[in-house]
Amino acid sequence: MSTVDSPPQTSAPPTAGARAAAATADYLDQRTGIGTAIKEFARKIFPDHWSFLLGEIALYSFVVLLISGTFLTMFFVPSMNEVHYHGPWASMDGVQMSEAFASTLRLSFEVRGGLLMRQIHHWAALIFMAAIVTHMMRVFFTGAFRKPRELNWVVGFTLMILGLLAGFSGYSLPDDVLSGNGLRIADGVARAIPILGSYISFALFGGEFPGTDLIPRLFTVHVLLVPALILALIGLHLLFVVLHKHTQYPGSGRTDKNVVGYPLFPVYVAKAGGFFFVVFSVIALMAATMTINPVWNYGPFDPGVVSAGAQPDWYMLFLEGGLRLMPGWEFVIGQYTVSMNILVPGVVIPGLLFTTLALWPFIESFATGDKREHHVLDRPRNAPFRTAFGVSFLTAFFILILAGSNDLIATHFHLSINDITWTFRVLIFVAPAIAFWLTKRICLALQRKDREVVLHGHETGRIVRFASGEYIEVHKPLDAHERWLRVQHEPRRPIEIEPAEDSRGVRRKGYRKDLLRQRLSRVFYEDRVEPVTPAELAAAQSHGGHDALPAAHDEQHEAIGAGPGARQLAPEPEDTEGTKGTARR
C-alpha cells in the first residue's frame with residue numbers, strides 16, 4: 001500500500017493594499033503606541049443591559065448637536081443691530097427686527113434644509129438633556145456613584161449643568177418674543193441677588209437690559225465655550241469608565257472582582273455603531289414631522305410685549321414653575337429691596353437641591369462609613385431611603401414642571417388659574433413627603449417579600465392533605481439564580497460609635513463628628529429588613545412540610561453558604577450566544 005504526499009499548501013501573497021495598510025499600522029504603532037491601546041480596548045468587557053444605553057443616547061445626541069450646529073453657524077448672524085425684514089414670510093415683511101431674528105427667518109424659509117436642521121438641532125438638545133437626566137437617575141437609584149466613582153458622578157452632574165447652560169444660551173439666540181421673555185426672567189433673577197445683583201446684570205447685558213451685546217456673547221458661549229467644556233468632560237467621563245471598568249447588575253456569577261458581558265470588538269462596536277444611526281434616525285424623523293419653536297409665530301423681541309402660553313424647554317420649566325408658585329414677598333433692608341419672590345425659587349431652592357445632588361455620593365459615604373469599592377449595583381428596593389429620596393425629588397420636579405404650565409392647564413381644562421396655583425403650592429410640600437413615605441414602605445415590603453420567597457419558595461396554589469388531616473400549600477423552591485439575586489446584598493445597619501468619654505473620663509476627640517455620622521446613618525438605615533441568613537434558612541427548612549421537593553432544601557443552604565457572611569456564588573449562567581465572557585477587574 002502506497003501513500004502520496006500532497007504538496008504543502010501556501011497562502012497567497014498579500015496584496016499591495018494589505019501591505020500598505022500593515023505598513024501604515026506599523027508606522028503609527030511605533031510612533032504613538034496605538035497598538036497597545038487598541039488591544040486594551042478590544043478586550044474591554046461591557047455588560048449587556050438596556051439601561052446602559054441611556055448614556056450612549058446622550059453621547060450620540062451631542063454628536064448630532066455638533067453636526068447640526070456647525071451647519072446653523074454658517075447662516076446665523078449673532079447681531080442685535082436693527083434691520084427691516086424683506087422675505088418670503090409675508091406677515092413679517094417690513095417689520096423692524098434684529099439681524100439675529102432676521103437670519104433665523106432666512107434659515108427657516110430661504111436656506112435649503114435650514115428649517116430641518118434647526119429642528120434637528122432643537123430636538124437633539126431636548127433628547128440630550130432627557131438622556132442625561134435619565135442616565136443620572138439610573139446611576140442614582142442603583143448606587144453606581146459609590147467608590148471609586150464619586151468623581152465621575154460629579155463630572156456627570158457638571159455635564160448636566162453645562163447642558164442646561166447650553167440649552168438656555170442656544171434657546172435665547174433667535175431673539176424672538178419667547179426667548180426674550182426668558183432673558184428678562186434671567187435678568188430679574190440676577191438682579192434679585194442682594195448687593196451683587198445689579199452688577200451681575202450690567203456685566204451680562206453690557207448695560208441696561210436688553211442692551212446690544214447679549215446675543216453676540218451668548219453666541220460665543222453657545223458655540224465655543226460650553227461645547228468645548230462638554231467635550232472635555234465627556235472625554236474625562238469615558239476615561240473614568242475605562243479606568244474603573246463597568247458596573248453591572250447583581251446576578252449569579254457577578255462580583256466586585258469581575259465584569260460579565262460582551263467584548264468591545266466585534267460585538268459592542270457593531271451594537272454601538274448601529275445604535276447611533278437609530279438615535280439619529282429618531283431625531284431626524286421627529287424634526288421632519290413635528291414642528292418645534294416656530295419663532296415666526298412669536299415675532300421679534302419687544303420688551304413691552306409678553307406672550308401668553310409661553311413656556312421654556314422642559315429642562316428649564318421647573319424654574320418657571322417655582323417663580324409662578326412663589327408669593328410676592330419682598331422686604332426692605334436699608335436702601336435695598338430683597339425680592340424673596342424671585343430669590344427663593346430662582347436661586348436658593350435650585351442651589352440647595354443641586355448642591356445636595358452633587359454631593360450625594362459623599363453624604364452617603366459619610367453616613368455609612370463604607371470605604372470599599374463597589375462594582376455590583378444595588379437593587380433600588382435594598383436602599384429604601386435613597387430610593388425614597390430620589391422619588392420625592394422627582395415628584396417635586398414634576399410638580400414644578402406642571403406649575404410652569406398652569407396657564408395652559410387653566411385654558412385647556414377651563415379651570416381657575418388661581419385654584420391651580422394654590423393647589424400646586426400645597427402639593428409642592430405635601431406630595432414629595434407622601435411620595436417619600438410611600439416609596440420607602442414599598443421598598444421595605446418588597447424586601448420582606450424577598451425574604452418570604454427565599455424561606456418558603458413560590459406559591460403554587462396546590463393544596464396537599466397529610467395523613468394527619470393537615471392541609472398545606474406546596475411551595476416551589478427557588479432556583480440558584482433567583483435565590484442569589486435575593487440574598488447577595490449585605491445587611492446595612494446604623495453605625496455604632498464609641499462613648500463620648502474614654503475610660504479616664506476624658507472627652508474623646510472627634511466625638512461630635514462620629515455623633516453626626518451616627519444620626520445620619522440612622523436616617524438612612526433605621527428602617528430596614530435584614531437579608532436571609534443560612535441559619536434562618538436552615539430553621540425554615542427544618543419545619544419541612546411546605547416543599548414538594550425536600551432535596552431542594554440542601555441546595556438552598558449550599559447556595560447561600562455555611563454561615564453569616566459566607567454567601568457563595570451560584571452557578572454562572574450558560575453562554576448561549578458564544579461571545580459572552582467574563583473579565584477580571
Side-chain angles (χ1 to χ4, degrees), residues 46-69 118-145 149 152-171 222 226-242 246-247 249 268-269 271-290 292-293 312-319 353-354 357-358 360 377 380 390-391 393-394 397-398 401:
F46 287 85
D48 187 35
H49 194 274
W50 65 268
S51 66
F52 294 126
L53 298 178
L54 295 171
E56 293 187 30
I57 294 176
L59 176 62
Y60 300 152
S61 300
F62 184 69
V63 172
V64 174
L65 282 171
L66 292 179
I67 296 172
S68 57
R118 273 194 63 228
Q119 301 203 147
I120 285 178
H121 193 72
H122 205 133
W123 280 117
L126 298 185
I127 293 177
F128 174 66
M129 286 306 304
I132 287 181
V133 171
T134 312
H135 177 64
M136 290 193 69
M137 288 167 53
R138 196 274 303 175
V139 172
F140 180 86
F141 285 117
T142 60
F145 52 78
R149 297 176 179 84
N152 213 10
W153 168 266
V154 176
V155 170
F157 172 81
T158 308
L159 280 171
M160 184 185 70
I161 299 300
L162 288 174
L164 293 176
L165 179 59
F168 179 75
S169 59
Y171 176 81
H222 185 69
V226 175
L229 291 175
I230 290 178
L231 279 173
L233 289 180
I234 287 176
L236 183 60
H237 191 70
L238 296 178
L239 176 63
F240 279 140
V241 171
V242 173
H246 222 296
T247 56
Y249 283 89
Y268 199 79
V269 168
K271 287 186 176 183
F275 192 56
F276 168 77
F277 291 104
V278 171
V279 173
F280 175 77
S281 300
V282 171
I283 294 175
L285 180 63
M286 295 172 68
T289 57
M290 292 184 282
I292 188 170
N293 198 25
D313 287 334
W314 73 267
Y315 48 84
M316 299 296 293
L317 195 54
F318 73 100
L319 289 175
L353 292 179
F354 282 143
L357 193 62
W360 185 267
L377 300 174
V391 172
F393 188 95
L394 292 175
F397 180 75
F398 286 124
I401 286 180

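Distance alone, capped at 3.5 Å, places no donor-acceptor pair between the Thr134 side chain and the Ala131 backbone. No donor-acceptor pair under 3.5 Å is formed between the side chain of Trp123 and the backbone N or O of Leu285. Within the 3.5 Å criterion, the main-chain N or O of Gly143 finds no donor-acceptor partner in the side chain of Arg149. Under a 3.5 Å cut-off, the side chain of His222 and the backbone N or O of Ser169 do not form any donor-acceptor pair. Checking side-chain atoms of Trp153 against main-chain N and O of Leu357 turns up a donor-acceptor pair under 3.5 Å.
Other residues, nucleotides and ligands contribute over 12 non-hydrogen atoms within 6.0 Å of the CZ atom of Phe52.
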| task | Could you please spell out the steps behind the side chain to side chain donor-acceptor pair (under 3.5 Å) verdict for Thr142 and Tyr249? | result | CA-CA 8 Å; Thr142 60; Tyr249 283 89; 5.2 Å; no
| said: Walk me through whether Tyr60 and Phe280 qualify under side chain to side chain contact (heavy atoms under 4.5 Å, CB included). | reply: CA-CA 8 Å; Tyr60 300 152; Phe280 175 77; over 6 Å; no
| Stepwise, does the side chain to side chain contact (heavy atoms under 4.5 Å, CB included) test hold for Leu66 with Leu231? | CA-CA 10 Å; Leu66 292 179; Leu231 279 173; 4.2 Å; yes
| query | Passes side chain to side chain contact (heavy atoms under 4.5 Å, CB included), Ile127 versus Met286? Steps please. | reply | CA-CA 11 Å; Ile127 293 177; Met286 295 172 68; 3.8 Å; yes
| said: For Asn152 and Phe157: C-alpha separation, side-chain torsions, deciding distance, then whether side chain to side chain contact (heavy atoms under 4.5 Å, CB included) applies. | reply: CA-CA 9 Å; Asn152 213 10; Phe157 172 81; over 6 Å; no
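Ring-plane geometry between His122 and Tyr171 is classed as perpendicular, the angle between the planes exceeding 60 degrees on a 0 to 90 degree scale with a lower cut at 30. The aromatic rings of Phe397 and Trp314 lie perpendicular to each other, with more than 60° between the two planes, well past the 30° mark.
Of all heavy-atom pairs between Pro47 and Thr247, the closest is CG-O, 3.2 Å. Closest approach of Ile292 and Gln119 over heavy atoms only: N-OE1, 3.2 Å.
Checking Ile57, Leu59, Val63 one by one against Val279, the side-chain contact (heavy atoms from CB on, under 4.5 Å) holds for a single residue, Ile57.
Tyr315 has its side chain out of reach of Val133: every pair of non-hydrogen atoms, C-beta onward, lies at least 4.5 Å apart.
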